[in-house]
Amino acid sequence: MAKPATLPDATEPRAFWRRWELPTWGVAIAIYASWATLLIYHEYVPWPVEALLAAYILAWHFSLQHEAIHGWRSLPPWLRTAIVWPPIGGWWPFELYKRSHSKHHRNTWLTYPGEDTETQYHKREDWSGYTPAFRAVLLFNQTLLGRLTVGPILRLRKLVIVESGKLRRGDFSDVPAWLGFFVGLAAVLWFVTQVAHMSVWHYYLLWVLPGISLGLLRAFIEHRWGDRPGERTASVESNWIFGLLFLWNNLHIVHHLYPTMSWFEIPGFWRRNREKLLAHNGHFVFPGYFDIARRWLLRPVFVPIHPAR
């Protein structure tokens, strides 16, 4: 995605705490400390509150993994990978997420099925071959309620289909990542069951699935088809609760234009250059997630048939 000539260079002199990305260290410490604390004391927390807090912590960890892919450049790659690698999210190896997400950042291919690894669109011929029931599920997934409920199941289904398909074709390139993931997951679940005295089903039902669901909130409307690549990426102007949760990746046009920009620098850059950024993305912007829920809680945000495919 070419940067508008009118936008300033995002690289500028930074204070010590910015240069060493101390806010990111603070987030990492807060995530792992809150994860362990809530686990250990979960019996004293009502289960709806537990599920809400757990979802925030695991979705926050996913945001930190995203930051480690693009930013945190004050650390060598091996160290930032090691910090975010523990699979407390319970469902996807970090190495595979990194590889898939890197393909997503080929901005000229945004939204194209078969090219964009994170698109919700389908090729027209594929859509016509789906059963009516599956098309209905995919349309429900285009509502916010559907994305938060059946969305996690569809994500896990896609993961199983992709990974099992590779094995059937004799492609074992992902096996080392999965072996490492299962070793790490065994350590996580040992802590969950032996230290926190929580069952595995409890962890997956009240922690992992809500965490995936909350993470899907950010991605619900961040991309749509547009004639120009710049018009395909949104920004959601939200409050600090969601901004911190998503490490300001909700201001998504900034991230796609400047993917290595530290998360804590994004809000200021957005405020200083808001009008220019909106001119670039065709004013693809929303005032917050409550506005998105008001519009699309029960109505599909778009029919997921790609206009150009």
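Note that these values count all heavy atoms, side chains included, but never hydrogens, waters or copies made by symmetry. Keep in mind the model is a prediction, meaning the values are calculated, not measured.
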Given W225, which of W109, Y112, F302, F284 fulfils the ring pair (Phe, Tyr, Trp, His ring centres under 6.0 Å) condition?
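The option that passes is Y112.
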
Could you state the interatomic distance from [atom1] ([X]) to [atom2] ([Y]), rounded to the nearest 0.5 Å?
X: H104; Y: S100; atom1: NE2; atom2: OG; answer: 9.0 Å
X: T24; Y: E67; atom1: OG1; atom2: CD; answer: 5.0 Å
X: L251; Y: L257; atom1: CG; atom2: CG; answer: 12.0 Å
X: I31; Y: I57; atom1: CD1; atom2: CD1; answer: 9.0 Å
X: L110; Y: T233; atom1: CG; atom2: OG1; answer: 5.0 Å
X: L245; Y: Y56; atom1: CG; atom2: OH; answer: 4.5 Å

Who pairs with R228 by salt bridge (charged side-chain N to carboxylate O under 4.0 Å, His left out), at least two apart in sequence or on another chain?
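Salt bridge (charged side-chain N to carboxylate O under 4.0 Å, His left out) check on R228 returns E231.
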
Quick one: does [X]'s side chain have a donor or acceptor within less than 3.5 Å of a partner on [Y]'s backbone?
X: N141; Y: V137; value: no
X: E21; Y: W72; value: yes
X: R80; Y: L75; value: yes
X: R224; Y: R232; value: no
X: R106; Y: E115; value: yes
X: S262; Y: F264; value: no
X: S102; Y: K98; value: yes
X: Y204; Y: S199; value: no

Centroid separation [X] to [Y] less than 6.0 Å:
X: H66; Y: F246; result: no
X: W296; Y: F286; result: yes
X: H105; Y: H256; result: yes
X: W178; Y: W92; result: no

Below 4.5 Å, heavy atoms only, C-beta onward: do [X] and [Y] meet side chain to side chain?
X: E43; Y: M198; result: no
X: W91; Y: R155; result: yes
X: P86; Y: Y32; result: yes
X: N250; Y: Y289; result: yes
X: T111; Y: Q120; result: no
X: I266; Y: N249; result: no
X: H101; Y: Q65; result: no
X: W207; Y: I88; result: no

ILVMFWY network linking [X] to [Y], side-chain heavy atoms under 4.5 angstrom:
X: I161; Y: I153; result: no
X: F181; Y: F172; result: no
X: F182; Y: L167; result: no
X: V183; Y: Y203; result: no

Taking side-chain contact (heavy atoms from CB on, under 4.5 Å) as the test, write out the residues that go with T143, two or more places apart.
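T143: side-chain contact (heavy atoms from CB on, under 4.5 Å) contacts with F140, L145, P300.
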
Is D174 salt-bridged to R99, going by a charged N under 4.0 Å from an acidic O?
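Salt bridge present between D174 and R99.
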
Would you say E265 and W248 are linked by a side-chain donor-acceptor pair, where the criterion is simply a distance under 3.5 Å?
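There is no such pair (donor and acceptor under 3.5 Å, judged by atom type) between the side chains of W248 and E265.
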
Check step by step if salt bridge (charged side-chain N to carboxylate O under 4.0 Å, His left out) holds for E237 and R274.
CA-CA 11 Å; E237 299 176 300; R274 184 178 185 276; 2.7 Å; yes

